[in-house]
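Just so you know, these numbers use all the heavy atoms, side chains as well, and skip hydrogens, waters and symmetry mates. In this text the structure is predicted, and so the values were computed from the model without any measurement. Letters A, B, ... are given to chains in the order of the sequence lines, protein chains preceding strands, and every chain is numbered from 1.
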There are 2 protein chains.
Amino acid sequence: MPDSTPAAIHSGESLLFLTDEQLRKGIEAMFFAYRGFTADPDRILEQYGYGRAHHRAMHFIHRVPGTTVNNLLSILGVTKQSLNRVLRTLIEDGLVKSSVGNRDKRERHLCLTEEGAALEQQLSDAQRARMRKAYRAAGPEAVAGFRQVLEAMMEPEMRAHFNRLKDGG
Amino acid sequence: MPDSTPAAIHSGESLLFLTDEQLRKGIEAMFFAYRGFTADPDRILEQYGYGRAHHRAMHFIHRVPGTTVNNLLSILGVTKQSLNRVLRTLIEDGLVKSSVGNRDKRERHLCLTEEGAALEQQLSDAQRARMRKAYRAAGPEAVAGFRQVLEAMMEPEMRAHFNRLKDGG
DNA sequence: CTTGGAAAGTCAACAAGGCTGACGTAAAAC
DNA sequence: GTTTTACGTCAGCCTTGTTGACTTTCCAAG
């Protein structure tokens, strides 16, 4: 049990924000907040018979139009079989278009159709509405801190993806 | 598509942190960070043949020792059938102890056994280690902001639970 | 030109962890 | 004494993750 003691007696600055109690509260905050984070899209998805996996796929196809399956795989961090199941239904339902690559014809480039973009927009609107409310309530400085902590929490590989998506990828 | 326009032209203060781009980046940050958040415990749980659901149950039993099944149900936001499946294995494996209530004998009070507390500690240590690293990297002001935004993001019911757990409960 | 390997897709099987519905028991509440 | 509450359980379903095996397509190196 390496770290179960206060962890506060350290340097000159007050490190009270690093106590186990504070860290536990942070953990719980992440847990409860993530539920809120997904709640609104989940309600919409249910009406269409889709799940979170479909939302995630559509989100990143929207963000990186023309992305390959492999790239999407790497962003989402799932197996190709898992992604393929989701992708297949989205393609069958006419929400996503898969086109053979020009240079490399093994690759498939993924784009949202008009219908897919509309659903993505609807899901995104709902999720952003909650985000906006939270951001507005907390203020710009809090938002900056929020982003800093989240980024520091990511696995390096995921952080790389995150930063690659910067400002409209 | 109600909110797909800048949303910035508003009051006097710069509301650039409320643009759709910023909100989308926040959404992606939540997604990528949550993966990191669960990665370390997941690796440990796998060795014991448990999953995230077991971790969550143990976490909150640790936080609210002697809690009832109904209370845990309400915190976790799942059905009693889902929780029961998890709880049963934890009780069978001797990690959780269920005891009949004194005042109300219909209720079961849940506690971690020594063995359960040890595993919870191990999981918690791993998760807190990542959290601590992120907190330290971001600094106290960022942490305060992080917590503010997360709290604002929660569903009211979950926020009530969150605040009820305040400072060791 | 042939061949090795990467990219993509597919089939099968399985597990975790959600869900619903139905049913049973014990105890509290009315 | 009836109803409600708390809990447990059985059965079955869904989504979404996993592994393993296999095929097809195609680029690129030999």
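Using a 4.5 Å cut-off on side-chain heavy atoms (C-beta onward), His109(A) and Lys97(A) make no contact. Contact of the Glu107(A) side chain with the Asn70(A) side chain is not registered, since no non-hydrogen atoms from C-beta on lie closer than 4.5 Å.
Of the two residues near DNA chain D, Gly49(A) and Val100(A), the one whose nearest nucleotide lies more 5' is Gly49(A).
Put simply, OH on Tyr50(A) is 11 Å from P on dT16(D), counting in whole angstrom units. As rounded to whole Å, 18 Å separates atom P of dG17(D) from atom CZ of Arg43(B). For Arg56(B) and dA16(C), the CZ to C1' distance is 11 Å, given to the nearest whole Å. One atom, NE2 of His55(B), and another, C1' of dG17(C), lie 16 Å apart when rounded to the nearest Å. Atoms CD1 (Ile91(B)) and C1' (dT9(D)) sit 13 Å apart, rounded to a whole Å. Residue Asp42(A) contributes atom CG, which lies 13 Å from atom C1' of dC19(C) at whole-angstrom precision. Put simply, NE2 on His109(B) is 12 Å from P on dG8(D), counting in whole angstrom units. The distance between atom CD of Glu107(B) and atom C1' of dT4(D), rounded to the nearest whole Å, is 14 Å.
Counted within 6.0 Å of CD on Glu157(A), heavy atoms from surrounding residues, nucleotides or ligands total 12 or fewer; the atom is thus considered open.
A salt bridge links Glu155(A) to Arg43(B): one of the charged nitrogens lies within less than 4.0 Å of a carboxylate oxygen. Using a cut-off of 4.0 Å between Lys/Arg side-chain N and Asp/Glu carboxylate O, Glu151(B) and Lys133(A) are scored as not salt-bridged.
Counting only distance, with no hydrogens or angles, the side chain of His62(B) and the backbone of His59(B) share no donor-acceptor pair below 3.5 Å.
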Restricting to nitrogen or oxygen on both sides, can you table the protein-nucleotides 26-30 of chain C pairs closer than 3.5 Å?
| residue | atom | partner | partner atom | Å |
| --- | --- | --- | --- | --- |
| dA28(C) | OP1 | Arg103(B) | O | 3.0 |
| dA28(C) | OP1 | Lys105(B) | N | 3.2 |

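Between His54(A) and dT15(D) there is no side-chain polar atom (N or O) within less than 4.0 angstrom of OP1 or OP2. Contact annotation: Arg108(A) side-chain N/O to dG9(C) OP1/OP2 distance is under 4.0 Å. Taking only side-chain nitrogens and oxygens, Asn70(A) comes nearer than 4.0 Å to OP1 or OP2 of dA8(C).
Near DNA chain C, meaning a heavy atom under 4.0 Å away, the residues from residues 76-90 of chain B are Gly77(B), Val78(B), Thr79(B), Gln81(B), Ser82(B), Arg85(B).
In terms of heavy-atom proximity, Met153(B) sits nearest to Ala134(A) at N-CB, 3.9 Å.
Between Phe31(B) and Tyr34(A), the gap from one ring centroid to the other reaches at least 6.0 Å.
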Applying salt bridge (Lys or Arg N to Asp or Glu O under 4.0 Å) to Arg63(A) and Glu21(B), what does each step give before you reach the verdict?
CA-CA 11 Å; Arg63(A) 282 285 272 175; Glu21(B) 268 309 320; 3.2 Å; yes
